[in-house]
Amino acid sequence: MESIQIFGIIVAAFMIFRATYQCWKRKMKRSVFIIWSSIWFVVIVVAVLPGTTTIVAKLFGIGRGIDVVVYLSIMVMYFLGFKLYNRVEETRKEITKLVREIAYMEKKK
Amino acid sequence: MKIFIVIPAYNEENKIGKVVKELITAGYKNVVVIDDGSKDNTFKVAKSAGAITLRHVINRGQGAGLQTGITYALNNGAGIIVTYDADGQHSKNDLPAIIKPVRLGQVDAALGSRFRKTDSNTPPIRKLFLKGGALLFRIFYGVNLSDSHNGFRALSRNAAKKINITSDDMAHASEIIDEISRKNIKYVEVPVTITYTDYSLAKGQNTLNGFKILWRMLLDQLLK
């Protein structure tokens, strides 16, 4: 086994362990926990059996297994970036609403 | 018809007192100043000058301030809402002209334009940017304006209800035009004088901000 594989397994195991702990402490929603730990579970599978990515790659018509992983990661990151942007915008609007309500309440006093 | 003048103000203690007093002396009783989380005495100065004062506990930007003032005016029976700058760039002498088309019911929005006057002393670089903005409005929103970002406007009650400002920052100026276009609000441009002073230029928009607004406009168009 290559050292990168061992490294991958350790990181993934740590992430799953952390998520489990947070979920147990009720700091993470169960749905998030399931998505998060399955992502890292896939990482473990790929680390132990690198051949699996080649199977998926062939399915998509992409040459190398590792390329599939890179493409998917980029897509997931863009998606998360977009989600984050939306969330920040939402929060900004809520803060403004709150500030506005406080202004009206102060005025009424 | 009850006329409200809405002035968002951020750190304007030096100018806001004079601006408010001028308006009240000119006979406009309902002057609403929104202190947008200023670090100076803007709130106190505006209040003692006789304005109706509202305070944002933290700074949220000019767009947020405008919406706070507009909603307040609507809730207090405003028939016409005028938006006005706090830094003394606008002239009270232009008020009757900008209010008139709305009061007569000819349009629902009267938008101030500094380029419809011949004696405008707009600095060339600013002129270039504002004209560029106007061109973009034509492309994006299909609205034909000579001045893209002028804070001097008069809105009918109806228009003020329809326009919903969600951009807290300076992008609100574009958003208002976008709303006017989307909601088919009838508008007219009215020539107004903008007095550029070193003070107002230093406090106002710089060129970099122009690019930021452009970026936001593009993003909004893509995401809407």
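Chain letters run A, B, ... following the sequence lines, proteins first, then strands; residues in each count from 1. None of these values were measured; they are calculated from a predicted model. Quick note: numbers below take in every heavy atom, side chains included, and nothing from hydrogens, waters or symmetry partners.
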- prompt: Considering the options A:Lys93, A:Lys97, A:Arg92, which one meets the salt bridge (Lys or Arg N to Asp or Glu O under 4.0 Å) requirement together with B:Asp168?
  reply: A:Arg92
- request: Against chain B, label A:Ile95 side chain, backbone, both or neither, depending on which of its atoms sit under 4.5 Å from a heavy atom there.
  value: both
message: Does any part of the side chain of A:Glu106, heavy atoms only, come nearer than 4.5 Å to the side chain of B:Val57, both counted from C-beta?
response: yes
- prompt: Counting heavy atoms not belonging to B:Lys47, are there more than 12 under 6.0 Å from its NZ?
  reply: no
query: Has B:Lys2 got more than 12 heavy atoms of other residues, nucleotides or ligands less than 6.0 Å from its NZ?
result: yes
query: What distance separates A:Thr96 OG1 from B:Gln67 CD, expressed to the nearest 0.5 Å?
result: 10.5 Å
message: For the OH atom on A:Tyr104, are there more than 12 heavy atoms of other groups (residues, nucleotides or ligands in this structure) within a distance under 6.0 Å?
response: yes
query: Does NZ in A:Lys107 sit with more than 12 non-hydrogen atoms of other residues, nucleotides or ligands closer than 6.0 Å?
result: yes
task: Quick one: which of B:Gly37, B:Gly65, B:Ala64 has the most heavy-atom pairs under 4.5 Å with chain A, could you say?
output: B:Ala64
- request: Might you confirm whether atom CD1 of A:Ile4 has over 12 heavy atoms from other residues, nucleotides or ligands at distances under 6.0 Å?
  value: no
message: Please report the interatomic distance OG1(B:Thr71) to CZ(A:Arg100), rounded to the nearest 0.5 Å.
response: 5.5 Å
task: Find the one option among B:Leu54, B:Ile34, B:Thr68 whose heavy-atom pairs under 4.5 Å with chain A are most numerous.
output: B:Thr68
message: If you count every heavy atom of other residues, nucleotides or ligands that lies below 6.0 Å from A:Glu94 atom CD, does the total exceed 12?
response: yes
